[in-house]
2 protein chains.
Amino acid sequence: MTSSGTRADAGLATGLRISVSRLARRLRVERTAPGQAEPVLSDTQFAALATLEKHGAMSPGELAGHERVQPPSMTRVIAALEEWQLVTRAAHASDRRQVVLTVTPAGRELVARARRRRDAWLARRLNELTPQERATLRAAAPILEKLSQS
Amino acid sequence: MTSSGTRADAGLATGLRISVSRLARRLRVERTAPGQAEPVLSDTQFAALATLEKHGAMSPGELAGHERVQPPSMTRVIAALEEWQLVTRAAHASDRRQVVLTVTPAGRELVARARRRRDAWLARRLNELTPQERATLRAAAPILEKLSQS
DNA sequence: TATTGTTATACTCTATAACTATA
DNA sequence: TATAGTTATAGAGTATAACAATA
């Protein structure tokens with residue numbers, strides 16, 4: 001029956017939406033370590049740094065587009081990241097209007113530490129599951145990824 | 001081998017973290033309908049309303065605790081929800097310091113509409129998957145739920 | 001005195017508008 | 001003229017501190 005299939009998917013959609021939203025919120029909390037001797041970045045600051053670390057050097061305008069914020073907002077984000085010496089600014093080779101942003105080794109390390117921290121939290125939780133539950137999640141991860149891209 | 005098992009989980013943690021975070025972000029976008037003739041609530045306002053709708057009448061202090069914001073912040077959230085006639089305030093029966101918040105039918109409807117909108121988006125995406133992929137997600141949902149609670 | 005909630009105030013984040021420098 | 005970026009300014013959202021009402 002088509003209607004039963006649709007109804008089953010409606011239930012699946014609700015359940016999946018709730019569980020995915022909750023887990024994401026829980027993961028976000030783990031972004032910063034409590035009482036760590038490292039600058040506490042805001043969501044946008046961290047996301048910008050991570051994007052720069054992943055995609056390599058780019059201009060403030062490109063980075064603003066990536067992060068879906070307006071250029072003036074990115075200006076302030078960059079100023080903070082620069083003050084903490086997580087990124088550096090350089091003049092563009094041929095177009096002197098443009099600025100080229102590059103992640104410093106310290107910035108790269110901060111991103112890596114934050115990732116390790118969240119992965120470690122999740123890995124600990126995963127270790128409490130049965131092998132079969134882990135197998136299910138291993139199969140589910142790429143499907144979830146596909147869903148977010150559509 | 002223990003080390004290989006651990007390494008596999010580390011990879012699973014990273015992949016699952018990324019896919020769950022991305023899907024949650026995509027779902028959050030669907031909270032508001034474009035160009036709808038209904039008030040556009042902020043994340044906190046919507047979350048507070050949804051909590052009240054789910055758990056029933058409670059005081060501002062309790063609601064602030066639920067949503068992990070400070071009482072003064074909740075005061076402002078409630079003022080907005082009250083202005084849009086999504087919640088009502090009443091005096092507590094025995095303790096006159098307290099205020100009792102209740103969702104109005106309009107508030108209940110707004111929450112239901114937002115849920116239906118997000119569920120509909122996700123259900124459409126799920127319909128594009130194979131039956132086997134849906135089965136995997138059906139098995140994964142409760143496991144994800146369990147992870148977020150630990 | 002302790003508790004509940006509100007008001008006063010400040011800080012952070014983001015946006016739009018106006019400006020500067022360069023193409 | 002158009003583009004890249006910054007500065008000026010305003011509007012949300014949230015926090016802490018101080019206050020009022022009630023227990």
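Each chain gets a letter, A, B and so on, in the order the sequences are listed, and its residues count up from 1. As the structure is a prediction and not an experimental result, all values here were calculated from the model.
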Take nucleotides 13-23 of chain D nucleotide by nucleotide from the 5' end and write B, S or -, depending on whether a protein heavy atom sits under 4.0 Å from the base, only from the sugar-phosphate, or from neither. SBBBB---BBS
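Across D:dT6, D:dA4, C:dT6, the shortest atom-to-atom separation from the side chain of B:Pro60 is found for C:dT6.
Taking 4.5 Å as the limit, every side-chain heavy atom of A:Leu144 sits out of range of all side-chain heavy atoms of A:Pro142. You'll find the side chain of B:Leu41 reaches within 4.5 Å of the side chain of B:Trp84, heavy atoms only. You'll find the side chain of B:Arg115 reaches within 4.5 Å of the side chain of B:Val111, heavy atoms only. By the 4.5 Å heavy-atom criterion applied to side chains, A:Leu16 and B:Leu122 are counted as neighbours.
A donor-acceptor pair shorter than 3.5 Å can be found between the side chains of A:Thr51 and A:Glu67.
Neither OP1 nor OP2 of C:dT7 sits under 4.0 Å from any side-chain N or O of B:Thr75.
Grouping the Ile, Leu, Val, Met, Phe, Trp and Tyr side chains by contacts below 4.5 angstrom, directly or via other members, places B:Ile143 with A:Trp121. Tracing side-chain contacts under 4.5 Å through hydrophobic residues (I, L, V, M, F, W, Y), one reaches B:Leu49 starting from B:Met58; they form part of the same cluster. Linking ILVMFWY residues whenever their side-chain heavy atoms come closer than 4.5 Å, directly or via other members, places A:Leu63 and A:Val99 in the same cluster. The hydrophobic cluster containing B:Val100 does not contain B:Leu81, counting ILVMFWY residues as joined when their side-chain heavy atoms lie under 4.5 angstrom apart, directly or transitively. Under a hydrophobic-cluster definition in which Ile, Leu, Val, Met, Phe, Trp and Tyr are linked whenever side-chain heavy atoms come within less than 4.5 Å, directly or via other members, B:Leu129 and A:Leu137 are assigned to the same cluster.
Nucleotide C:dG5 holds its P atom 5 Å from the CD atom of B:Gln98, rounded to whole Å. The CG-C1' distance, from A:Leu63 to D:dA4, rounds to 14 Å in whole Å. Regarding B:Met58, its CE atom lies at a distance of 16 Å from the C1' atom of C:dG5, rounded to whole Å.
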So what is the 5' to 3' dot-bracket string for DNA chain D, if pairs are Watson-Crick or G-U wobble with both distances under 3.5 Å, crossing pairs use [ ] and | means the partner sits on another strand? |||||||||||||||||||||||
Take B:Glu128 and B:Arg124 through the salt bridge (charged side-chain N to carboxylate O under 4.0 Å, His left out) test and state the conclusion after the steps. CA-CA 7 Å; B:Glu128 296 164 3; B:Arg124 276 196 302 275; over 6 Å; no
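Scanning residues 78-87 of chain A for heavy-atom distances under 4.0 Å to DNA chain C yields an empty list.
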